[in-house]
Participant: 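Below is one structure. I have some questions about it.
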Amino acid sequence: MQKLAAGNWKMNGNSAALTEVSALLDSHPAPACEMLLCPPATLIAQMAWAARGSVLKIGGQDCHAKASGAHTGDISAAMLQDAGASYVILGHSERRADHGETDAMVRAKAEAALAAGVTAVVCVGETEAQRDAGETLAVIGAQLEGSVPAGATAATLVVAYEPVWAIGTGRTPTIAQIAEVHAFLRARLTALIGAEAEGTRLLYGGSVKPSNAAEIFAVPHVDGALVGGASLKAADFGAIVAALSAA
Ligand code: 13P
C-alpha cells in the first residue's frame, strides 16, 4: 500500500497561491508516499498544469451525482477528471453541515466518481456531542455503511476519519482514540467490501500539523492524513509528507 498525504485547501487560495505548489515540488520531488492537493474548483486546472510531469496528484472537494445536465453551479466527476483531477473528497463534514449532504447523497456522488475514473475520498466523523454520548463508533459505522459506493476497491476508495470537533480547532483525539476508530474502520470496511479493505487507505484528518504528524502516522491502520490548514503552506505540508514518508 502506498500511503497518502492529502491536502484539502477548502475555500482558500487563488492563482497566486500556486507558488506553494512549486515550492512543495522543489522540496519534495519524489516522496515515499503519494501526495495529493485538493484546491477549490477554480484552481484545479491551473494546479494540474503546475504539477504536470510531477508526482503530485490533484483532487476536487465535491462533485455532483449526475454526469451532466441542468444543475447550475455544480460540477460532475467527469468534469473534474477533464480538468486534471484524479481524486475527489466527498461527504466532508463541512458539506454535510453546510449543504445537508446525507450518506445516500455521498454514496451517489462516490458512485459517480468511480464511474468517471476518479478515486473517492469518503469522509466520516463524529461531532463532539456524539463522542460525549458514547456514540462515536455507531455514528461512524452508519456513515461508512451508508456512504461507501458499490463496487469500491482499494484503488478507487479512500476513507478519511475526521472528528468534527478536531477540524480547525487545534484539538486532536488521543492516540488510543484514533487507534480505536481506525481499527474499527478496517473491520467494518472488510465487512462491506471484503479483501479490498486491506489495501484501502484510511486517513486521519483534524488538526494534523508538522508537530503531531509522526505520532499519528505511527498508529496502526493510519495510512495517511487529510490535512486542512497545514496544507496551505508548502513548508508545513512538506513536513507532513516527510513524516509520512518516514513512517
Ligand atoms: P484542519 O487540518 O484545518 O483541522 O482541517 C482538517 C480537514 O477538515 C481536512 O479535510
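Atoms within a ligand are numbered from 1 in the order they appear, just like the ligands themselves.
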Participant: For Val227, is at least one N or O under 3.5 Å away from an N or O on ligand 1?
Facilitator: no
Participant: Which ligand 1 atoms, with their elements, are less than 4.0 angstrom from a heavy-atom of Gly206?
Facilitator: 4 (O), 6 (C)
Participant: Below 4.0 Å from any atom of ligand 1, is there a heavy atom belonging to Ala230?
Facilitator: no
Participant: For ligand 1, which atoms, with element, lie under 4.0 Å from some heavy atom of Gly229?
Facilitator: 1 (P), 2 (O), 3 (O)
Participant: List the closest protein heavy-atom neighbour of atom 2 (O) of ligand 1: residue, atom name, distance to the nearest 0.1 Å.
Facilitator: Gly228 N, 2.9 Å
Participant: In plain terms, say whether Lys109 and Glu101 are close enough for a salt bridge, that is, a side-chain N and a carboxylate O under 4.0 Å apart.
Facilitator: yes
Participant: Any donor-acceptor pair under 3.5 Å linking the side-chain atoms of His92 with those of Gln61?
Facilitator: no
Participant: Indicate yes or no: at least one non-hydrogen side-chain atom of Tyr204 is less than 4.5 angstrom from one of Pro163.
Facilitator: yes
Participant: Write out the residue and atom name of the closest protein heavy atom to atom 9 (C) of ligand 1, then the distance separating them to 0.1 Å.
Facilitator: Glu162 OE2, 2.9 Å
Participant: Would you kindly specify which portion of Asn8 sits under 4.0 Å from ligand 1, judged on non-hydrogen atoms: side chain, backbone, both or neither?
Facilitator: side chain
Participant: Going by an N to O cut-off under 4.0 Å, is there a salt bridge joining Arg171 and Glu128?
Facilitator: yes
Participant: What protein heavy atom is closest to atom 5 (O) of ligand 1, reported as residue, atom name and distance in Å?
Facilitator: Lys10 NZ, 3.3 Å
Participant: Do Glu34 and Lys3 sit within salt-bridge range, that is, some charged N less than 4.0 Å from a carboxylate O?
Facilitator: no
Participant: Are any of the side-chain heavy atoms of Lys57 and Met35 separated by less than 4.5 Å?
Facilitator: no
Participant: Between the side chain of Thr156 and the main-chain N/O of Ala152, is any donor-acceptor distance below 3.5 Å?
Facilitator: no
Participant: So if I count the atoms of ligand 1 from 1 in the order they appear, which ones are less than 4.0 Å from some heavy atom of Leu226?
Facilitator: 9 (C), 10 (O)
